[in-house]
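What follows is a short report on a single structure.
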Number of protein chains: 2
Amino acid sequence: MDTKLTQTLENSSLSLAQALKRAGLRLTPQRLAILRLLADSREHPSAQMIHHALLAEYPSLSLATVYNTLETLVEIGLVNDLGSVGPEGVRYDADATPHVNLACTRCHRVIDLPSHHVRHLEEEIAAQSGYAIKGGRVLYYGLCPECQKATSQ
Amino acid sequence: MDTKLTQTLENSSLSLAQALKRAGLRLTPQRLAILRLLADSREHPSAQMIHHALLAEYPSLSLATVYNTLETLVEIGLVNDLGSVGPEGVRYDADATPHVNLACTRCHRVIDLPSHHVRHLEEEIAAQSGYAIKGGRVLYYGLCPECQKATSQ
DNA sequence: TTCCTAAATTAGAATGATTATAAATACAAA
DNA sequence: TTTGTATTTATAATCATTCTAATTTAGGAA
């Protein structure tokens, strides 16, 4: 592995670890693995997808732990709960930068779309709602370009 | 019932009926009732809440019908799927005007917040995403003012 | 009107994501 | 180290949602 990538991952893990510490949470390999997977992935995975992806590296990882960890990470605001998309259940997003999520109702892929409008939105809500905001789901759903083609045949 | 309100409801039902017709769907009492409930309510109800609310008026209304109808209404874009909030499952919103939904993670109430940013957002996505957008969920979650007080005690 | 038929509804069973439980484990403070 | 407690684990239980097959009905045609 090249040095730059190694450093990036180490730095990333370091800051993830710090984030957990700051919240008064114990640093477990399971939590780090789940958080790192979410941070490195653009798939917006569900709990089951995360469990499946980590099983090779952590054969004893329990599905319950994945659910517990995700609940915790959402609670401290490190991860966003996007709600369920398709039959795979709730999808999660560790990308804290303001953006829009697009979900395809046919293939159930979820992608990101940068948008500066979302930052304004979040600032407005934080300032005006009176709520103690923990996170958000800005997600639009419909047919992705590929599935539009597939459907029109 | 006063005349103005009656007219409003009748007009409303009429346009709901037209919307169903336009989509090539049959006009059933169940569909009208569910759509009217959603249109008149600010509760962002779940399927079960809708079923429970309509059972008095339609004793034979099946839960399966509520689920089927909601799926249909989401498909034709008349109703938005907000994703699940709390343990009551997916919540639905018939308000098509661009706005933000706020969900409390403690009492699980969902309210609306008007925001002109959302309109810009939707226009941007419709123009730039390449997706055939059917609907969206713009929802932020956290503690509502009441639950902040209750929790801090 | 009456008839026809595909669409819609219904009750109930089945599915499967998520949550609860209780015992075993391991983080981290002293 | 030792120790207390948070966390993990396997498994069972829950319950929202979907499926199935039989029945009913909306709405167009005769």
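The sequence lines fix the lettering, A, B, ..., with proteins before strands; numbering per chain opens at 1. We use all heavy atoms of the structure for the numbers below, so side chains are in, but hydrogens, waters and symmetry mates are not. Predicted model, so just to flag it, every value in this text is computed and none were measured.
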Do any N or O atoms from the side chain of B/His44 and from the backbone of B/Val110 form a donor-acceptor pair under 3.5 angstrom?
-> yes

Nearest-Å distance, CZ (A/Arg31) to C1' (C/dA28)?
-> 13 Å

Examine D/dT9: is either OP1 or OP2 under 4.0 Å from a nitrogen or oxygen in the side chain of A/Thr65? Give yes or no.
-> yes

Between the side chain of A/Arg42 and the main-chain N/O of A/Asp112, is any donor-acceptor distance below 3.5 Å?
-> no

Atom-to-atom span, CG of B/Leu54 to P of C/dT10 - whole angstrom = 11 Å

Can you check the B/Leu73 CG to C/dT9 P distance for me, whole Å?
-> 10 Å

When rounded to whole Å, the CG to P distance for the pair A/Leu61 and D/dT7 reads 15 Å

Which whole-number value in Å describes the distance from A/Leu32 CG to D/dT7 C1'?
-> 14 Å

In B/S/- notation, 5' to 3', how is nucleotides 17-30 of chain D contacted by protein heavy atoms closer than 4.0 Å?
-> BBB-----BBS---

Just by modelled atom types, is the A/Leu82 backbone N or O under 3.5 Å from a matching donor or acceptor in the A/Asn80 side chain?
-> no

Spacing between A/Leu55 atom CG and D/dT9 atom P, to the nearest angstrom = 10 Å

Roughly how many Å is it from CG in A/Asp81 to P in C/dA17, rounded to a whole number?
-> 16 Å

Which pairs with one or both residues in residues 46-102 of chain A pass ring-ring contact (aromatic ring centres under 6.0 Å, His included), sequence neighbours excluded?
-> none

Please check if any side-chain donor atom of B/Gln30 sits under 3.5 Å from a side-chain acceptor atom of B/Thr69, or the reverse.
-> no

Could you tell me whether a side-chain N or O of A/Arg137 sits under 3.5 Å from a main-chain N or O of B/Tyr141, the two making a donor and an acceptor?
-> no

B/Ile34 CD1 to C/dA8 P, straight-line distance once rounded to whole Å = 13 Å

